[in-house]
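So the structure is just underneath, and the comments pick up after that.
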Amino acid sequence: MIADYRAMLWKEGRELVAQFIGNRLRLLVQLGIVAYFAVLLPLIFEDSWIPRHALIFWVLLPSALALPMAADSFAGERERHTLETLLALPLSPRAILAGKLTMQVLWAWLFTQIVVGLSLITANLIDQQPGVQWFSGQTLLFGAGLSLAVTVFLNSLGMFVSARMSGVKQAQMLLGLLVIGLGMATAFGLSLLPANAALRQAPQVLPAAQLALAGGGILLLISQGLLLLTLARLKRPWQMLK
Amino acid sequence: MQAVLQTHQLSRSFGGRAAVEGLDLRLEAGTIFGLLGPNGAGKTTTIRLLLGLLKPSGGHAEVLGLDVRKAARQIRAQTGVLLEHSGLYERLSAADNLAFAGRAYGLERAERQARAKLLLSTFGLWERRHEPVATWSRGMRQKLAIARALIHRPRLVFLDEPTAGLDPAAAVSLRQTLLELVASTQTTLFITTHNLAEAERMCTLIGVLRQGRLAALGRPEQIRSASGQRQQVTLHGSGFDSPDVRAAIALLPGWTLHSASAQELQLDQPPSSTLAPLITAIVSHGGQIDSVQAQQGSLESAFLALVTPQQHTEVPNDR
């Protein structure tokens with residue numbers, strides 16, 4: 001299993017690097033994301049960037065990075081006619097899934113941390129006040145943790161959808177709709193609750209760290225369910241090849 | 001001799017339509033087996049069943065002594081495969097594609113590199129190993145995909161249409177390389193192909209699939225004769241228009257006269273017969289023979305006879 005996992009991780013890593021080497025447009029898009037989130041937004045939000053907005057983008061940025069990659073994970077292999085050959089190798093389905101998930105999460109999460117880090121540098125460079133503005137240790141820990149949980153969740157959801165779609169575009173469209181739908185359904189569901197319901201009170205009553213922990217935990221739990229469902233499909237190659 | 005592949009009544013249907021039905025097959029080590037059949041006959045489905053990529057609807061199959069239902073991963077570890085599509089990662093280089101396959105088959109670094117070098121050199125791809133596969137011609141990609149299938153020295157290799165889409169020179173070169181590899185390693189090859197000339201040149205055993213059923217199984221010459229494709233005999237000489245000569249030929253059992261003139265006779269020879277009775281009959285009745293040409297019916301005509309629905313030529317398997 002470990003050797004299989006390492007083989008998959010190696011392949012996914014090489015493909016990721018090759019994507020950027022062989023595709024200047026993709027490279028430019030990534031540089032655009034860096035410029036937008038790490039330079040432009042801190043310039044726009046100025047003083048409010050570090051205490052408020054940076055935290056929001058810290059959690060939201062992984063969706064912009066994770067969804068396209070996750071949508072491509074199996075649907076892309078199917079579209080490029082490599083899925084059947086991959087399944088015909090003696091790799092364990094668990095290793096295939098874990099290898100893809102690890103590389104996608106690593107890429108989206110690390111990229112997010114780098115962009116957020118750069119945005120903090122920009123914010124400090126334009127800041128007129130003395131001293132360095134920074135997150136507290138607890139905020140740093142839970143921001144990075146929640147961002148990781150969001151990345152894992154989005155990739156798990158993406159792979160779940162991608163394993164069932166015949167093409168990348170279909171997978172991307174369905175994923176986009178699902179994420180928007182989930183967000184709207186959550187907001188709508190919360191608004192239907194009575195004003196004194198514990199769930200609606202939570203953001204005001206609970207400390208941010210506890211909220212991040214609870215939210216991250218729920219997302220990781222759902223991710224586990226999605227990954228198990230994808231694994232069950234991978235164990236039946238005839239379903240994957242439909 | 002031990003069978004590397006054995007199926008008994010192997011079947012697979014999709015929504016009530018049988019793609020493979022009652023397949024009985026036994027291949028011994030070192031065999032080059034060609035599975036022929038028109039589009040949709042069940043060739044690719046058969047390979048998928050044997051690799052455990054599809055679940056059989058019925059019957060039983062063992063590959064290298066392993067049950068396809070219970071030990072699909074072990075089977076995949078010991079076999080090499082080129083499927084309908086080359087399945088190469090086109091953004092990666094040839095060296096990376098082989099390195100990934102080597103890792104997936106559990107080869108150590110040194111062996112992986114040595115095998116990649118040997119195979120890429122054998123197929124004439126070594127110099128271009130660092131180029132992305134996307135920039136390569138179809139023939140080069142097909143060679144690389146076959147090299148990938150051979151990276152771990154498998155005992156059995158499945159090749160689904162290995163020369164499809166290649167120009168004649170590339171196909172000949174690929175066939176030659178494959179034959180040399182097989183000869184030096186005693187690998188068993190399981191090939192599906194539309195190219196009958198290729199099957200005739202390469203394969204030691206041929207199976208013809210028709211609508212999922214094995215319509216014939218045997219050596220190429222057995223397929224030809226079993227399909228009713230007889231040897232054609234042409235004689236040149238004189239006196240062939242004599243009524244005595246014609247009457248003598250008519251009395252020969254199994255011989256069929258196709259066309260006749262005073263100087264030329266064309267006949268279908270019955271299976272397992274010799275030319276001696278024909279020559280004796282003609283000469284003893286006043287005919288004079290200058291030359292005799294015997295031409296075997298082609299595998300192509302045998303194939304067409306076997307797969308044409310009107311002609312139900314069920315051939316008893318000789319294995």
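Computed from a predicted model, the values in this text were never measured in an experiment. Below, chain A is the first sequence line, B the second, and so on; all start at residue 1.
Among A:Arg80, A:Gln239, A:Glu77, the residue making the largest number of heavy-atom pairs under 4.5 Å with chain B is A:Glu77. For chain B, the option among A:Arg6, A:Arg236, A:Arg14 with the highest count of heavy-atom pairs below 4.5 Å is A:Arg14.
Residues A:Leu91 and B:Arg73 are not in side-chain contact: their nearest non-hydrogen atoms beyond the backbone lie 4.5 Å or more apart. Here the side chains of B:Leu53 and A:Trp238 are not in contact, with every heavy-atom distance at 4.5 Å or above. In this structure, A:Glu15 and B:Leu92 have side chains that are in contact, with non-hydrogen atoms separated by less than 4.5 Å. Between B:Tyr89 and A:Leu86 the shortest side-chain heavy-atom distance falls below 4.5 Å. For the pair B:Arg48 and A:Glu84, the minimum side-chain heavy-atom distance is below 4.5 Å. Proximity of A:Gln19 to B:Arg91: side-chain heavy atoms (C-beta onward) are separated by under 4.5 Å at one or more points. Between B:Arg103 and A:Trp10 there is a side-chain heavy-atom pair separated by less than 4.5 Å.
When all heavy atoms are compared, the tightest approach of A:Ala88 to B:Leu83 is CB-CD1, 4.1 Å. Here the shortest heavy-atom pairing between B:Tyr105 and A:Pro90 reads CE2-CD, 3.4 Å. Across all non-hydrogen atoms, the minimal contact from B:Ala104 to A:Leu89 is CB-CD1, 4.0 Å. Counting all heavy atoms, side chain and backbone alike, B:Gly52 lies closest to A:Pro237 at O-CG, 3.8 Å. The minimum heavy-atom distance between A:Thr85 and B:Ser86, with the atom names listed, is OG1-O, 4.1 Å.
A donor-acceptor distance shorter than 3.5 angstrom exists from the side chain of B:Arg76 to the backbone of A:Leu87, with no hydrogens or angles considered.
In this structure, B:Arg128 places its CZ atom where more than 12 heavy-atom neighbours from other residues, nucleotides or ligands lie under 6.0 Å away. Atom OH of A:Tyr36 has 12 or fewer neighbouring heavy atoms from other residues, nucleotides or ligands inside a 6.0 Å radius. More than 12 heavy-atom neighbours from other residues, nucleotides or ligands sit within 6.0 angstrom of CE on A:Met1. The environment of NE2 in B:His8 is sparse: at most 12 heavy-atom neighbours from other residues, nucleotides or ligands sit within 6.0 Å.
Residue contact with chain A, scored on non-hydrogen atoms closer than 4.5 Å, involves the backbone and the side chain of B:Leu54 alike. Residue contact with chain A, scored on non-hydrogen atoms closer than 4.5 Å, is absent for B:Ala134. In this structure, the portion of B:Leu88 lying under 4.5 Å from any heavy atom of chain A is its backbone and not its side chain. Residue contact with chain A, scored on non-hydrogen atoms closer than 4.5 Å, is absent for B:Ser93.
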For residues 9-16 of chain B, run the donor-acceptor check on the side chains, cut-off 3.5 Å, and write out each pair with its distance to 0.1 Å, sequence neighbours left out.
unit_1: B:Gln9; atom_1: NE2; unit_2: B:Asp24; atom_2: OD2; d: 3.0
unit_1: B:Ser11; atom_1: OG; unit_2: B:Gln9; atom_2: O; d: 3.2
unit_1: B:Ser11; atom_1: OG; unit_2: B:Gly22; atom_2: N; d: 3.1
unit_1: B:Arg12; atom_1: NH1; unit_2: B:Lys55; atom_2: O; d: 2.6

